[in-house]
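Shown next, in structure tokens, is the structure this report addresses.
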Amino acid sequence: MIGAFDSGHGGMTVLRALARRFPDQQFVYLGDHAHVPYGDRPSHEIVHFVREGCEALFALGCRLVLLACNTATCVAARPLQREWLPASQYRGTHNILGIVAPTVEAATQTPWGVTSPQYPQKYNSDVIAVFGTTRTIASGVFPEEISKRCPRIRVVQQACPDLAGAIEAGRPPDELDRIVGACVADLLRQTGGEPPHRAILGCTHYPLVEDMFRRHLPSFTRLLSQPDLVADSLEDYLVRHPAYAATSDASQPRVRLLTTGVASDVSRQAKVFWPEVAEFTELAVAHR
Ligand code: DGL
């Protein structure tokens, strides 16, 4: 049983790819709808909510939790992996993974384990755009990790402060399209009109409006969308660490959807993005 955590609906874009890729695996998804959006919250709050989410998923029997959220990964993955987990009762038996690593691997064509430039670098002077929440962009994690491996790549970041919240609130397509168009225009102003070689949609909510990014970005720009990249990377991880995939709970469905919010509202909203999706249930207070 594998846990997937997001601030709200966005991580379901990753969950869908995982559910397709691993037909024999059980998943528990937890959306922290009580606190969404995370994007403009202070870091200490995000770390706190993500830790609570991981603990809840561990308590439900998941030994591996994937942070299917860039904001959670950029802000909380390091403190939780390096400080909290090793000092907790879950040390050595449970793990937390983020989704920045597979994205940086794809953007740089360099394995995560390689943390210094390898020459010759095929893509070393490209321009890479990163779109994300305010907190993801402020964390600087994407440019830091990309330039460690490919120092000559120019990373141009663009925060899209209102986008995840608008997607989460189910705003109409023309409004979402206007927000995406404005974010892309701001990004292109930063590059002086030069089309980026690749664009990272660095928020798991954005694949829900990927067609809008595609339309507004120059056709030259290749979109790096995370769901399949993350599924590829998890497949590789589970081959190397099969124990994390080994638990299951026969009394539960293959994909179980939990929320810290109001289940009926969350289920209704989720269907906008994933019409055949199952109902959410509320996370029991004992697990909060
Ligand atoms: N889905 C999230 C991400 O990937 C965060 C959206 C939010 O809560 O602001 O960054």
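The first residue of the sequence shown is numbered 1, and numbering continues consecutively from there. As the structure lists them, so they are numbered: ligands from 1, and atoms in each ligand from 1. What you see is a predicted model, and the numbers here were worked out from it, not measured in a lab.
From the protein, the heavy atom lying nearest to atom 5 (C) of ligand 1 is Thr71 OG1, 3.4 Å. The closest protein non-hydrogen atom to atom 7 (C) of ligand 1 is Tyr38 N, 3.3 Å.
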Legend entry - Stepwise side chain to side chain donor-acceptor pair (under 3.5 Å) check, Tyr38 with Asp32: CA-CA 9 Å; Tyr38 279 6; Asp32 190 10; 2.5 Å; yes
Inset, instruction - Could you go through the side-chain contact (heavy atoms from CB on, under 4.5 Å) check for Thr204 and Asn70 one step at a time? - result: CA-CA 7 Å; Thr204 52; Asn70 291 272; 3.9 Å; yes
Legend entry - Intermediate values then yes/no, side-chain contact (heavy atoms from CB on, under 4.5 Å), Tyr29 and Phe5: CA-CA 6 Å; Tyr29 179 87; Phe5 177 84; over 6 Å; no
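Those atoms of ligand 1 that come under 4.0 Å of a heavy atom in Ser7, given as number and element, are 5 (C), 6 (C), 7 (C), 8 (O). Taking every non-hydrogen atom of Gly39 and a distance limit under 4.0 Å, the qualifying atoms of ligand 1 come out as 7 (C), 8 (O), 9 (O). The distance from ligand 1 to the heavy atoms of Asp6 drops below 4.0 Å at these ligand atoms: 1 (N), 2 (C).
When heavy-atom distances to ligand 1 are checked against a 4.0 Å cut-off, Thr133 comes that close only through its side chain, counted from C-beta outward. When non-hydrogen atoms are compared, ligand 1 lies under 4.0 Å from the backbone of Pro37 as well as from its side chain.
The number of heavy atoms from other shown groups lying within 6.0 Å of CZ (Arg240) is above 12.
Under the 4.0 angstrom criterion for non-hydrogen atoms, Cys69 is in contact with ligand 1.
Salt bridge annotation for Glu235-Arg20: absent, with no cationic side-chain nitrogen under 4.0 angstrom from a carboxylate oxygen.
Remark: the His33 side chain and the Thr259 side chain contain an N/O donor-acceptor pair separated by less than 3.5 Å.
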